[in-house]
Asks: 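Below you will find the structure I want to go over with you.
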There are 2 protein chains.
Amino acid sequence: MLSAGKKPTRKPPKLRDPERTRQRLLQAAFREVYRYGFQSAGIDTILAATDVTKGALYYHFKSKEALGYAIIEEIVAEMTHDRWLRPLQRSRDKNPIDALIGVVQAIPHQPRDVKGGCPLVNLTQEMSQLDKEFRKRLERIFHGWHEGVTTVLRRGQHQGTVRRDLVPEETASFLIAMVEGYEVLAKNAQDAKVWNTGIRNIVGWLNSLRAPGNRRRG
Amino acid sequence: MLSAGKKPTRKPPKLRDPERTRQRLLQAAFREVYRYGFQSAGIDTILAATDVTKGALYYHFKSKEALGYAIIEEIVAEMTHDRWLRPLQRSRDKNPIDALIGVVQAIPHQPRDVKGGCPLVNLTQEMSQLDKEFRKRLERIFHGWHEGVTTVLRRGQHQGTVRRDLVPEETASFLIAMVEGYEVLAKNAQDAKVWNTGIRNIVGWLNSLRAPGNRRRG
DNA sequence: CAACATGCATACTGGTTGGTATGTTGTCAG
DNA sequence: CTGACAACATACCAACCAGTATGCATGTTG
């Protein structure tokens, strides 16, 4: 314990760091699932990508499904927050339409991202029908997303910057559907140009939501 | 054997009917792939769904991939033709917007279809990134779809029933993206109501494409 | 230091998978 | 009737795969 001298708050070469191990597994698993889908993702492949062993993995996650749930709750949910909810909340003062345009334009558009598609859509397409637990968690994310967009639109209506004749909930769904629809098109084409064109059209449509007298372009 | 007379053009109880066997395999394989995805679809499951044996399958298709390609080329492509291209072509006399609305509203919306999603999107999401041969065939279908919608929109512009300020190609992509986006949303929710709401909004948007003076509603 | 749980490593298993080798039968030409 | 080929049927295989049993090292606590 305290026989030999100096050792106050010392933990230099951490041999054991369970939280770090868990995170590395999660990240590697996410990449594998993102690429091949959940069902076709291989446990052994994930382990090979890290230098973690099977014993460690099954210590942190009790099954492949549990690993999948953690990916959704800790990674995919976080991505949605980072890219949509937080930016929208941080723009309380700005015009909501401008905020939405900013968010849409900030969606990653590197070839790598376009070719991989949207993680949320990928998992939904594959698993919603097959596994209730997956669906529940994925829907929670969709719901938060939808709520965030709805809220900002409603705020715009109060401000007078967003047209009053449209229903915030349905307009939010419309936007989300468009974003995901274009991601599917771009993924099929495996071409970032398709995505960029989509963004242009989405932005054009977003501009059409401005209340008269608050138009930027037309 | 042939002592008794009549036998002109006789082929009564064919025990062997290779074309029928092939079709049954294709249909069963499509259902399996539609449900579980291509990678997770099991050859043995497909065989169990029919009463065909493995020898027969590998006589007609040289590999699982070949079976997948046939599904795309002979079933998915045919569905797109039936639901979009042929109806649009057959409506040469009608208003293009009305034709598009009709087609969109005619998309299957039984719970079973909504929960399964769009076969084209399912396969695209799963395979476009992983297999060039899949992607090539899927893109051919998308291209035909896009072309069909573009053509009908352009015709509407010549007729004067469709707004001249919009670009037919981009408007077609916009429509396709929306249809698929809403299918993804509905599939995630596993709820036909989501799809019906989506249709209403798509129809509303389609109505906004009418040239002034040709409006139905506004 | 002992005792004990945490964190991880290794070897193994039972079941499933796509694919094949080989045998058998239906079909039809000659 | 008889090959001969097309259209299957059956048995089998090697590879893979999620999961587990077991053991060992590390850190903590009394």
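A note on names: the letters A, B, ... follow the listed sequences, proteins ahead of strands, and every chain is numbered from 1.
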Asks: Does E133(B) pair with R137(B) as a salt bridge, N-O distance under 4.0 Å?
Replies: yes
Asks: Would you mind reading off the distance between L47(B) atom CG and dT17(C) atom P, rounded to a whole angstrom?
Replies: 11 Å
Asks: Rounded to whole Å, please give me the gap between CD1 in I43(A) and P in dC12(C).
Replies: 21 Å
Asks: How many whole angstroms separate atom CD of E19(B) from atom C1' of dC8(D)?
Replies: 15 Å
Asks: Counting N and O atoms only, with roles assigned by atom type, does the side chain of K64(A) sit under 3.5 Å from a partner on the main chain of Q39(A), one being a donor and the other an acceptor?
Replies: yes
Asks: What I want to check is whether the side chains of E126(B) and Q125(A) have a donor and an acceptor closer together than 3.5 Å.
Replies: no
Asks: Is there side-chain contact between E170(A) and L166(A), with heavy atoms separated by less than 4.5 Å?
Replies: no
Asks: Could you check how far CG of D44(B) sits from C1' of dG18(C), rounded to whole Å?
Replies: 8 Å
Asks: So, do S128(A) and L138(A) sit near enough that their side-chain heavy atoms are less than 4.5 Å apart?
Replies: yes
Asks: Tell me, which of residues 50-70 of chain A have any heavy atom that sits under 4.0 Å from an atom in DNA chain C?
Replies: T53(A), K54(A), G55(A), A56(A), Y59(A), H60(A)
Asks: Compute the angle between the rotation axes at the two ends of the helix from dC1(C)-dG30(D) to dG30(C)-dC1(D), each taken over five pairs, rounded to 10 degrees.
Replies: 10°
Asks: Check each of L206(B), I202(B), V104(B), N201(B) against M178(B) using the side-chain contact (heavy atoms from CB on, under 4.5 Å) test, and report the only one that passes.
Replies: I202(B)
Asks: Using whole Å, report how far CZ of R20(B) lies from P of dG26(C).
Replies: 17 Å
Asks: How about F174(B) and W205(B): are their ring centroids closer than 6.0 Å?
Replies: yes
Asks: For the pair H146(B) (side chain) and A172(B) (backbone), establish whether a donor and an acceptor sit closer than 3.5 Å, ignoring hydrogens and angles.
Replies: no
Asks: Within this structure, what is the CZ-to-P distance between F38(B) and dT17(C), rounded to whole angstrom?
Replies: 14 Å
Asks: Is the backbone of R135(B) close enough, under 3.5 Å, to the side chain of Q190(A) for a donor and an acceptor to pair up by distance?
Replies: no
Asks: In terms of relative ring orientation, are Y69(B) and F134(B) parallel, tilted or perpendicular, with 30° and 60° separating the classes?
Replies: perpendicular
Asks: Is R16(B) close to T21(B) at the side-chain level, that is, under 4.5 Å between some pair of heavy atoms?
Replies: no
Asks: Contacts to DNA chain D from residues 22-37 of chain B, heavy-atom cutoff under 4.0 Å, which residues?
Replies: none
